[in-house]
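Okay, structure first, notes after.
Remember, predicted model here, so these are calculated numbers, not experimental data.
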There are 2 protein chains.
Amino acid sequence: MLKKERHDFIMRQINLHNRVLTSDLVQLLNVSEDTIRRDLQELVDDGLLFKVHGGALSKSYHSSFDDSTVYARDSKIVIAKKTIRLIKDGMVVLIGGGTTILELVKQLPQHLGATFFTISPLVAVELAKYNNIEVILIGGLFSKNSQITYGGHVISQLAEIKVDLCLMGTSAIHPEEGLTDTDWEINQLKKAMVACAKKTAVLCISEKLDITLRLKVCPIENISYLITELEVEHESLAGYRAKELNIL
Amino acid sequence: MLKKERHDFIMRQINLHNRVLTSDLVQLLNVSEDTIRRDLQELVDDGLLFKVHGGALSKSYHSSFDDSTVYARDSKIVIAKKTIRLIKDGMVVLIGGGTTILELVKQLPQHLGATFFTISPLVAVELAKYNNIEVILIGGLFSKNSQITYGGHVISQLAEIKVDLCLMGTSAIHPEEGLTDTDWEINQLKKAMVACAKKTAVLCISEKLDITLRLKVCPIENISYLITELEVEHESLAGYRAKELNIL
DNA sequence: CGTGTTTGTGCGTGTTTGTGCAATAATGTT
DNA sequence: AACATTATTGCACAAACACGCACAAACACG
C-alpha cells in the first residue's frame, strides 16, 4: 500500500468517526506504529487533522456535538456498555431507533464483526462507521417524529427476516403488563420486531420502569434481557427479578 | 513494444485499479525502472495521472475523497437554488445522495408539499424537517462509502415506482459519452433511478463536466436538465447546448 | 550514401524517502 | 506510586528515485 493511499484511508476514517486511534490504524493498515505516527504527523503538517495522545481528531470536530443535550446521557452510556456484552462476533442483530440505541451504537467496539438490520437512518449512518459491520436499512415511510421508518412495508419486510438478537428502547415497561406504548404504528412495529428475533433485549432507563401505557406490545415473558443503568440487585428491579428474564 | 503502447497500457491499469506500482509495471512490461519512471513523468506532464513514491494514482481517485469537507459549498448552493424551480407542489420526486443533493434539500421552500423517495438516510432526515413533505426511504444494504442504500433490493423497489422527476448528483458527465461512473453498484443504481423517472435532472458542479469514467450510466439524451453553477451561456456548456437538454 | 541529430533505452552512482527497531521519555490509569 | 500505554528520538537499511552518461536505432538533410 502506498503512503498516499494510507493517508487517504486515515482521512476517511477521520471524516467518518471524527476520531481515530493509532492502535486501530496499526491493525487496519498492517504497518508499524511508527509509520502511523509519521503519517499522522504529516497530515497535521498539512493541517488536515488534529493529533492527540492515542490518536487523532478531525479538525472540524469542534467537540461535543451538543451531546450534552441528550437527556440522561450518562445513564444511557452505562446501559450501552452493559448491552455490548450481549453482542458477539458474527451475530445478526435487529436494532431500533431512539437516543439510547444511538448511544449504544457509538460505544460499540471498533473491531466488532456483525450484521445489523435497522429501521433508523441515524443508527444506520452511525453503524456505517464500523468497518466490519454490515448494515441493512429497512425502508418505508419515514416518520418525522421518531425518525424511523414505519408502516406496512417495514412490517412485511421484518416478517421475512430472522435475527439472533433484537435491541430496542422502550417507552414503558411493567412487570405484569409487559411492554406497552402509545402510538399505534410504533406499537405494530415493535410487535413485528420482537416476532422476528430469537431473543429480545430491552434497553430502559430506570424512570421508565413500572409504567403502563395504552397499547400492549408484548408480555414480559417475550423479553430475554432487561438492561437498565441500575445495579442488578437494585430494589426497583425486584418485580422484574421474579420473572424469568435476565437483568443486566 | 512502442512507447505509446506502454503509455496506453499504463493508463488502462490506472483506470482499472485507480493505482499502479512502478515495480509491477517493470515486471509486466519487461522494461527497466527508468523507462517506467520516464513514462510516468510524461503522463504526469500530460496531466493524466498523479505520481507518488512507489507508483502513481488516478486523478479521479483523488477527487473522490474530499467530498466530506463540503467541498465547493457555494457552488452547490447556487445549483440548489436553480434546481428548486423544477420542483412543484404535488410532485413525486426521486432524489439521490451526495453533498450537492443535501445542500439542495436544505434550501427547499418551507411550504413545499410533495412526496420524496430517497435512497439516502441523511437526505431523509433532512427532508423530515419539512411539514408538508412525505418521505419514503428506500431500504437495502447500506454503503459505508457513499452513505446510501444500494443492491438488488433497492433496485427492485425502484422498478416498482414511477416518479415525475429524478434529481441526482454526478461523478462525471460528457456531451458525447453521457453520464458515467466508476463503481458498479452505484452505476446500476443510477440506471434504475433514471429508468423510473419521467424526467431526470443532473446536478453537476462545473469541474465534473467533460469527464468520462469507466462505466456508462446513460446517454446524454436520457437527461432532461443539466444544472451547474455556471451561467447558462457559459462557453464550457457549449457542447451540452448542442444536445437536446435544458441547461439551468 | 554519409554524417549529424534526435529519440528511446539501459546502466551506474549517489541521494532521498519510507519503514522498522530499540532505547528513552512522556503521559494516562489504577 | 507503580504500571501500562503512547510518543519521541536516533539509527539502520532497503526501496525508490534523479542525474549523467553511453549506446543504438530512427530520422534528417545535403
Side-chain angles (χ1 to χ4, degrees), chain A residues 1-14 16-59 61 63-64 67 73-74 77-78 80-82 84-85 106-112 131 231, chain B residues 1-14 17-59 61-62 65:
Chain A
M1 169 161 287
L2 299 165
K3 188 164 77 144
K4 183 77 171 67
E5 293 183 298
R6 266 199 330 268
H7 284 193
D8 287 337
F9 181 88
I10 293 172
M11 284 315 294
R12 199 163 44 183
Q13 292 293 314
I14 286 273
L16 246 41
H17 285 80
N18 282 320
R19 63 181 259 260
V20 78
L21 304 181
T22 311
S23 51
D24 283 348
L25 289 174
V26 169
Q27 283 218 346
L28 287 164
L29 295 170
N30 217 39
V31 290
S32 76
E33 264 183 31
D34 303 68
T35 301
I36 294 298
R37 254 187 270 286
R38 262 184 291 251
D39 285 342
L40 292 179
Q41 188 54 54
E42 283 162 36
L43 292 169
V44 167
D45 293 342
D46 294 350
L48 295 174
L49 48 75
F50 214 142
K51 202 147 135 333
V52 294
H53 194 98
L57 297 173
S58 160
K59 262 218 150 171
Y61 176 78
S63 86
S64 68
D67 272 345
R73 183 156 180 271
D74 292 345
I77 291 177
V78 174
K81 297 220 162 141
K82 289 185 185 178
I84 286 167
R85 299 206 292 264
K106 286 181 182 167
Q107 304 287 334
L108 286 175
Q110 192 65 235
H111 302 296
L112 178 66
N131 285 311
E231 300 295 321
Chain B
M1 170 162 286
L2 267 30
K3 187 161 78 143
K4 183 73 170 67
E5 292 182 294
R6 270 200 326 269
H7 284 196
D8 288 344
F9 181 87
I10 293 173
M11 285 314 296
R12 209 161 51 233
Q13 292 293 314
I14 286 272
H17 302 115
N18 278 327
R19 62 176 281 216
V20 79
L21 303 182
T22 311
S23 52
D24 285 353
L25 289 174
V26 169
Q27 282 217 344
L28 286 165
L29 296 171
N30 217 39
V31 288
S32 76
E33 267 184 31
D34 302 67
T35 302
I36 294 298
R37 252 188 274 284
R38 265 184 289 251
D39 286 341
L40 291 180
Q41 188 54 53
E42 284 162 35
L43 292 169
V44 167
D45 292 343
D46 294 350
L48 295 173
L49 47 75
F50 207 132
K51 204 148 142 315
V52 296
H53 194 99
L57 297 173
S58 155
K59 273 216 147 172
Y61 161 87
H62 189 56
F65 276 108

Dump the intermediate steps for side-chain contact (heavy atoms from CB on, under 4.5 Å) on Val26(A) and Val31(A), then the final yes or no. CA-CA 5 Å; Val26(A) 169; Val31(A) 290; 5.8 Å; no

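Note that the CG atom of Leu25(B) and the CG atom of Leu40(B) stand 6.5 Å from one another [nearest 0.5 Å]. In this structure, the separation between CG on Leu48(B) and NE2 on His7(B) is 9.5 Å, given to the nearest 0.5 Å. Rounded to the nearest 0.5 angstrom, Leu2(A) CG and Leu57(B) CG are separated by 6.0 Å. Note that NZ of Lys3(B) and OG1 of Thr35(B) are 10.0 Å apart. Values are rounded to the nearest 0.5 Å.
By the neighbour-count criterion of 12 heavy atoms within 6.0 Å, atom CD of Glu5(B) is densely surrounded, having more than that number from other residues, nucleotides or ligands. Applying the 6.0 Å contact sphere to CZ of Phe50(A) captures no more than 12 heavy atoms from other residues, nucleotides or ligands.
Near DNA chain D, meaning a heavy atom under 4.0 Å away, the residues from residues 25-43 of chain B are Asp34(B), Arg37(B). For the segment residues 47-54 of chain A, residues with any heavy atom less than 4.0 angstrom from an atom of DNA chain D are, sorted by number, Lys51(A), Val52(A), His53(A), Gly54(A).
Rounded to whole Å, the distance from CG on Leu21(B) to C1' on dT17(C) is 16 Å. Atom C1' of nucleotide dT6(D) and atom CG of Asp24(A) are separated by 14 Å, given to the nearest angstrom.
The two residues Met1(A) and Arg19(B) have their closest heavy-atom pair at CA-NH2, 4.3 Å.
Nucleotide dA26(C) forms a Watson-Crick or G-U wobble pair with dT5(D), both donor-acceptor distances falling under 3.5 Å. dC27(D) and dG4(C) make up a base pair, with Watson-Crick or G-U wobble contacts both under 3.5 Å.
Between dA7(D) and Thr22(A), a contact under 4.0 Å exists linking OP1 or OP2 to a side-chain N or O.
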